[in-house]
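Here is the structure we will look at, set down as structure tokens.
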Amino acid sequence: MSFGKGCNLHLIDGSAFIFRAFHALPPLTRKSDGLPVGAVQGFCDMLRRYVGTDHGDFAPTHLAVIFDKGSHTFRNDLYDLYKANRDEMPEDLRPQIPLTRRATEAFNIACKEVEGFEADDIIATLARQAREAGGEVTIVSSDKDLMQLVGDGVVMFDAMKNRRIDRDGVFEKFGVYPERVVDVQALAGDSVDNVPGAPGIGVKTAALLLNEFGSLDELLDRAGEIKQPKRRETLIAYRDQIELSKRLVLLDDRTPLDFTLDDLEIRDPDPDTLLGFLAEMEFRSLSRRIAETLGTEAPTIPETAPAAAAAGAPGSTEDAPPFDGTAYACIRDLATLERWIAEARDQGFVALDTETTGLNEMTAELVGVSLATAPGRAAYLPLAHRAAGDGDLFDDGALLPDQVAREDALAALKPLLEDRSVLKIGQNMKYDAKILARCGIDVAPFDDTMLMSYALHGGEHGHGMDTLSERYLAHRPIPIKEVIGSGKTQVTFDRVPIDAATTYAAEDADVTLRLWRLFRPQLHRAQVTRVYETMERPLVPVLADMERAGIKVDRDTLSRMSNAFSQKMAALEAEIHALAGETFNVGSPKQLGEILFDRMGLDGGKKGKTGAYATGADILEDLATEHELPARVLDWRQISKLKSTYTDALQEHINRETGRVHTCYSIAGANTGRLASTEPNLQNIPVRTEEGRRIREAFVAEPGRVLVSLDYSQIELRILAHVAGIETLKQAFRDGQDIHAMTASEMFGVPMAEMTPEIRRQAKAINFGVIYGISGFGLARNLRIPRGDAQGFIDRYFERFPGIRDYMDATVAFAKAHGRVETLFGRRIHTPEIDAKGPRAGFARRAAINAPIQGSAADIIRRAMVRMPPAIDGMPARMLLQVHDELLFEVAEDAVDALVATAREVMEGAADPVVRLDVPLVVEAGAGPNWAAAH
DNA sequence: GACATCACG
DNA sequence: GACGTACGTGATGTCC
């Protein structure tokens, strides 16, 4: 039937159905794997009831469910804050969205969406078309944004209240008829969608004004005639904003559609399809009810044992076969490779692992790739294995036969690895992604079992493959040492015989796939899906790009400094030997201790464990007030540290090809969510002393560029003020006050105007102490004051800020009750030692107090880093380094201001919209030719 | 490879 | 009443 007179088109607002279903029903998960499905069930039930309802004269002849698609629409181009105040979707709702589309299709109801348009615009367009064709329209929604469409054969229907809304219904709601609804909305604004409107004008006033003046244009043109001075001024001052608001609320009824009204004709569902879907979702009573309506038998849904029983229990891997190293395939020709690729493509996911000649992704060469498609079903693709060549000059270095040519293999793999519909699964995917990026392959989309484990089990154990396999699969993978050897006899992987390599490499892919099957459903159950999807996984490509970019380090600068340090050290060493009266190794704490405490007889104690004297900087500093020798040793140590760890070692890390230093960030290394930087560690480059800071002069920008540093000011104290809810501190941050001086003033009763540096320094130490889980002993040692005095400070601090003690007690209690603490963003940090006895209890307690603060700060900068590349896309700038609360960029000289503005906005807004901080985040920026100047 | 030391946030 | 303490990292050199 062609759409026309006598037809009635029903348009269901899909999002409204989903959100109603989600909020109306308690959380429900699918038994077999823990997938959240409550909203899907509610959605299906609402569709069932809607289709089953007798709509009388308004019975549908055509029906569609309309969804939003894409988060960016023309409204965002008009106004970048449009819907900016929306909370992120709840994490257990997100995976259900695609399922509601499948549900709609299972009901055989047309399911429509258009990229970049809101459902409301599509509804407006279809309503117009239907009206023009002479038919009638029922919009199934109670959203006021759709009320502008009512009238002239179009009504709305509130499915929850079973109530029809016509022109009079709209008038009831807005005080105007539908044709003036947008005018009211333009004036009143909308806090839900963040439409600004005119300040101080609500729906009532707007309707009043419009009824007086007739239309919005008229009203704005004649605003001067308004009697109330406040309203008059507002309308004149905010004219632009009001007109913008109108463009935001006005629906676009000319959305391009790739279907016609005729495509929406109502269809009966296919019982097998619909019941099959409901069975897959494991909706028992709903499928019984629907089967009854359809006059068929409901399928039996097996009672599967909850996966929770299997999850986490070592050895239990559902239906997976045991590990068998002899069962793995070796891919020797292109045809075989194509078969594996087809298999991966068919099922939509594949585990992946690369083998290379070394651990450094910047220099390592690809040797082979392994794939796994099911537990126990894995293959190794050797690409660059060479003869072992111990002594045999003729075979040495020759490529072994029967290997697929590297270029052919990569050309075959590239479409698979870049296919948006095939999920690639890896363990530490950043490594593989970097190797493959050098081969011109951009792996996406992917999952990473290491990061899944980090989100699930952070704090419980490490997240390396061997640990995870032993713990969760009860299987000890072949140690790499058994394949490549160790020490002098160690070889690179390309020298490993292909048979041995196959057993080892395919096993890694197999282990990865099995871990993924285990972890994937657990993410939802542990409610860490959002953590994983927003703060772990998307960081992988961001960090990979930063690491590949590297930072330019000037070898000559380092080399000159190194020489100067050598001379200084030699002089100091001579001086020290003279003072000691004998020569000894100044770098040996053991020998130094014997000189100081045995030969010279100074005061100082032994440390229990090894019986050696402690000669740390704090002890030497105490001794240095009386004696020359420890003072010179301190000088020597500082120089020695700078030379060995920085000026010398750093030069070794300059990449031959790029002339830059490429660090490697571990995403899952630190318990709190912080990153860690290795080989070299670029997060501990000196800055605190003048001498050390000069090392940073060697970190430079390319010609025509500068380094730009942006760092969060006092981020951890701000988070503390927020989580502990300390109003005085929060207000001080809002007012931009000196927080340490403010603390000192509050504690010691000193007016801010009379603050001395010494009092401020003490308050600063206390503030830091609080973040670390303060103890009288620790503060006493840090401030070098008697323990009783330190305890007095702490007591006074808690007296003044009782909320902080409450926060600490609550955090420790939470840790004891749950075995973990959480950051503001839901990252879980497990605290297995919290019930320990003895000194370990104290450590665990302090770590538990610190973790949510340090971890929330880490989450915030992670979020900023994930949002940074799209934000600065197109600018002549790249992000190079992260140092916990600082991001370092290399930027074209003329783009510094633009970069700073954009990056600052991203960083300061990084908590939004998941967490509304009660304190502002403040970012300080600097720029210069080198890191010392930028910081 | 454990330990002490010290660089950073 | 005694534990023995600031939180989180990584790299280096010594010594066993």
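Worth knowing before you read on, the calculation uses all heavy atoms, side chains too, and leaves out hydrogens, waters and symmetry mates. Protein chains get the first letters and strands the later ones, always in sequence-line order, with residue 1 at the start of each.
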Consider the side chain of K590(A), meaning its heavy atoms from C-beta on, and name the nucleotide among dC7(C), dT9(C), dC15(C) that approaches it most closely. dC15(C)
Pull out every residue in residues 677-695 of chain A that has a heavy atom closer than 4.0 Å to any atom of DNA chain B, ordered by number, or say none. Q683(A), N684(A), I685(A), P686(A), V687(A), R688(A)
For a quick check of understanding: with a heavy-atom distance under 4.0 Å over all strands, which category does R840(A) fall into, base, sugar-phosphate or nothing? nothing
Under 4.0 Å, heavy atoms only, any strand: does F768(A) hit a base, just the sugar-phosphate, or nothing? nothing
Modelled atom types, side-chain donor and acceptor of S666(A) and R674(A), under 3.5 Å: no
Whole angstroms only, please: what is the CD1-C1' distance between I715(A) and dC8(B)? 17 Å
What do you reckon, are the aromatic ring centroids of F748(A) and F793(A) less than 6.0 Å apart? yes
For a quick check of understanding: with a heavy-atom distance under 4.0 Å over all strands, which category does A841(A) fall into, base, sugar-phosphate or nothing? nothing
Taking atom P of dA6(C) as reference, at what distance in whole Å does atom CD of Q791(A) sit? 16 Å
Going by the rule side-chain hydrogen bond (donor to acceptor under 3.5 Å, both in side chains), which residues pair with S588(A) if we only count those two or more places apart in sequence or in a different chain? none
Taking a pair to mean Watson-Crick or G-U wobble geometry with both distances below 3.5 Å, dA2(C) pairs with none
Scan side-chain atoms only and decide if Q683(A) and S677(A) contain a donor-acceptor pair under the 3.5 Å cut-off. no
Counting any heavy atom closer than 4.0 Å, what does N782(A) reach on the DNA or RNA strands: base, sugar-phosphate only, or nothing? base
Taking CG from L779(A) and P from dC7(C), how many angstroms apart are they, rounded to a whole number? 13 Å
Side-chain donor or acceptor of R845(A) under 3.5 Å from a matching atom on the base of dT5(C)? no
Provide, to the nearest angstrom, the distance between the CD1 atom belonging to I771(A) and the P atom belonging to dT5(C). 22 Å
Hey, is the main chain of P802(A) close enough, under 3.5 Å, to the side chain of Y807(A) for a donor-acceptor pair? no
Hey, does Q591(A) reach any base, or is it just sugar-phosphate, or nothing, if we go heavy atoms under 4.0 Å? sugar-phosphate
Atom CZ of F843(A) to atom P of dA6(C): distance rounded to whole Å? 6 Å
C1' spacing across the pair dC6(B) / dG1(C), given as an integer number of angstrom: 35 Å
Any residue in residues 617-645 of chain A with a heavy atom nearer than 4.0 angstrom to DNA chain C? Just list them by number, or reply none. K641(A), S644(A), T645(A)
Could you work out which one of dT14(C), dT5(B), dG8(C) sits closest to the side chain of A847(A)? dG8(C)
Rounded to whole Å, how long is the line connecting atom NE2 of H884(A) with atom P of dC8(B)? 12 Å
